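On a predicted model such as this, the values are computed, not experimentally measured, just so you know. Below, read A as the first sequence line, B as the second, and so on, with proteins coming before strands; counting in each chain starts at 1.
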Amino acid sequence: MAEAVLSISHLTKRFDDQTILEDLSLEVREGEVVVIVGSSGCGKSTLLRCINALEDIQGGEIRLRGDLISHNRKNLPELRQKIGMVFQNYELFPHLTVLENILLAPVKTQKRSRQNVREEALALLERVGLKEKADSWPRQLSGGQKQRVAIVRALIMHPEILLFDEVTAALDPEMVREVLDVIVNLADQGKTMIIVTHEMSFARAVADRIILLEDRRILEESDPETFFTAPKTEQAKKFLRTFEFNRKNKAEA
Amino acid sequence: MDWAYIESVLPLYGKAAWLTLRTGTAGILLAALTGLLCAAAIHWRIPVLRKITAAYVELSRNTPLLVQLFFIYYGLPKIGIKTDPEACGIIGLAFLGGGYMTEAFRSGVEAVDRIQEESALSLGLTRFQTFLHVILPQAAAISAPAFMANVIFLMKETSVFSAVSLMDLMFTAKDQIGLYYRTTESLFLLVGAYLLILLPLSLLGTFWERRLRHAGFGT
């Protein structure tokens, strides 16, 4: 079995007196694609935010290849460089061009040469079909294009793990595909990823493992085929039913 | 209007205008720096510094510059801190302006969406790098109009420097009126000189704001 890239043990997250996640443990191995699903507000996004310490945690610990990720550790910026995060609303920097958005972090934090990173950035942009947009401003791009740039911006840091937080939730339906194709492609390259999504067919295609988060904890954990065809728990069945539509009285053809 | 007289005192006003411009610019630059540091302290929620900043902003904005100058010029020497008039003017202006600049920058910084900061942090930038490269440039565009209004306001405030015997434009004009009763000419020169300093400043500000707005973001 491949080495664990990320290990979360007994994580508890509270906002004031509301418990969001309780005693949650999860391991993600090298090259594994873990998809987290669950109803709105179940703590999926909070879990991702805890992983790169955008949220402080009230119990348990999170380790990236053995390194403790914690709010008050001095090496937090270095650890975050190894954790790529893509947000629902892209969060490109509006005052920088596409290329500058991508170059900012590697040049400032990894002290890599601008020329070197620039070449890599252009190569990555080409791979997601946006090479000609390198000098555009974020506002000139469509949502799908912005999200692909955001993915490149995360990739250029050579992260150990990528976190995707409902990256297609803000997109028009016709743009969802172009973004998901990029992610499927990354999965094929063996990138380690945690993906939070509501796109069930995508989840089924891309996941090595599916996790249903409900009631502050991991309720069900299985391979995608089992999860979608033979869910174990009643809650999982109920959750999957929310994606189905049936008409009782359909006119006979 | 006695043009021959005006011509004869032009060098005098030139010197005074230079002093106004010099002390004004130095004071404004210091004020901007103070404002920037204070806005950063507020943004980073630095425990004690944040309280001190809030107190400073209230103190500086709610006391007149003239009173602040008197305090620095006549008050501080009593506890052994001597200042020459020019330094006194610059420090006074920086003290007053710092409060206004803090508010201008703070409003800009607060207007930048918090998730922009998180996005930068999650790329591995330090908090300082995030502030410098991500928050500040966006905040600057939002703060620009308030900042320019402050610059113009502070440059005009230099007119009270004469109270601490700085030979600025106001001092020179009052002097000329008192000595030679050249009221019309003096006022004419005074208004002219201020316009000469402030109009380009104002135009520069408008140009700069427009550039920021068209720098590819905003709308």
Side-chain angles (χ1 to χ4, degrees), chain A residues 45 48-55 69 71 74-98 100-111 135-141 146 150 152-163 165, chain B residues 36 39-40 43-50 104-148 205 207-219:
Chain A
S45 295
L48 290 193
R49 291 168 56 81
C50 287
I51 293 173
N52 64 4
L54 288 177
E55 301 286 348
I69 296 170
H71 232 75
K74 276 269 176 287
N75 66 346
L76 189 55
E78 284 148 59
L79 281 174
R80 277 177 174 151
Q81 287 171 32
K82 300 178 192 166
I83 306 171
M85 177 125 176
V86 184
F87 296 85
Q88 182 174 330
N89 290 306
Y90 341 117
E91 302 311 330
L92 296 183
F93 306 130
H95 61 294
L96 300 175
T97 62
V98 164
E100 293 299 328
N101 259 278
I102 299 166
L103 297 191
L104 179 66
V107 170
K108 297 291 173 200
T109 68
Q110 298 179 328
K111 308 287 172 222
D135 295 317
S136 301
W137 296 95
R139 70 185 164 100
Q140 296 167 323
L141 305 183
K146 281 185 211 172
V152 169
R153 189 175 66 172
L155 281 176
I156 198 138
M157 300 297 286
H158 306 148
E160 306 251 358
I161 187 166
L162 282 159
L163 312 175
D165 187 7
Chain B
L36 207 55
H43 175 71
W44 284 326
R45 298 161 203 259
I46 301 174
V48 184
L49 214 55
R50 187 178 160 207
F105 289 135
R106 186 183 60 86
S107 64
V109 166
E110 275 176 8
V112 178
D113 222 330
R114 186 153 182 86
I115 196 163
Q116 279 278 311
E117 180 175 21
E118 293 176 345
S119 168
L121 288 175
S122 75
L123 282 166
L125 269 66
T126 63
R127 287 173 71 80
F128 180 73
Q129 288 170 329
T130 298
F131 189 75
L132 193 64
H133 300 298
V134 174
I135 300 174
L136 211 53
Q138 297 184 56
I142 300 161
S143 298
F147 174 83
M148 276 321 294
F207 171 75
W208 179 56
E209 275 169 41
R210 206 170 292 157
R211 258 199 56 150
L212 275 178
R213 219 174 301 145
H214 289 276
F217 63 112
T219 43

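- Looking only at atom types and distance, the side chain of Glu117(B) has a donor-acceptor partner in the side chain of His43(B) under 3.5 Å away.
- A pairwise comparison of heavy atoms in Ile135(B) and Val112(B) identifies O-CG2, 3.9 Å as the closest pair.
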Handout entry: Audit row: Ser45(A), Asp165(A), side chain to side chain donor-acceptor pair (under 3.5 Å) steps and yes/no
Key = CA-CA 6 Å; Ser45(A) 295; Asp165(A) 187 7; 2.8 Å; yes

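- Note on Ala150(A), Pro77(A), Ala154(A), Pro159(A): by heavy-atom pairs under 4.5 Å with chain B, the leading option is Pro77(A).
- Considering only heavy-atom pairs separated by less than 4.5 Å from chain A, the leading option among Ile115(B), Thr126(B), Leu125(B) is Ile115(B).
- The shortest heavy-atom contact between Arg80(A) and Asn52(A) is NE-O, 2.8 Å.
- Using a 4.5 Å cut-off between heavy atoms, Gln129(B) touches chain A through its side chain atoms alone.
- A 4.5 Å side-chain heavy-atom check between Leu96(A) and Ile102(A) finds every atom pair outside the cut-off.
- Taking Arg49(A), Glu91(A), Lys108(A) one by one and counting their heavy-atom pairs under 4.5 Å with chain B, the maximum is reached by Glu91(A).
- Interface residue Arg153(A): backbone and side-chain heavy atoms are both found under 4.5 Å from chain B.
- For Leu92(A), the part lying near chain B is the backbone, with the side chain staying farther off; criterion is any non-hydrogen pair under 4.5 Å.
- Without hydrogens or angle criteria, His95(A) side chain to Ala139(B) main chain gives no donor-acceptor distance under 3.5 Å.
- Comparing Phe93(A), Tyr90(A), Phe87(A) by how many heavy-atom pairs each has under 4.5 Å with chain B, the most go to Phe93(A).
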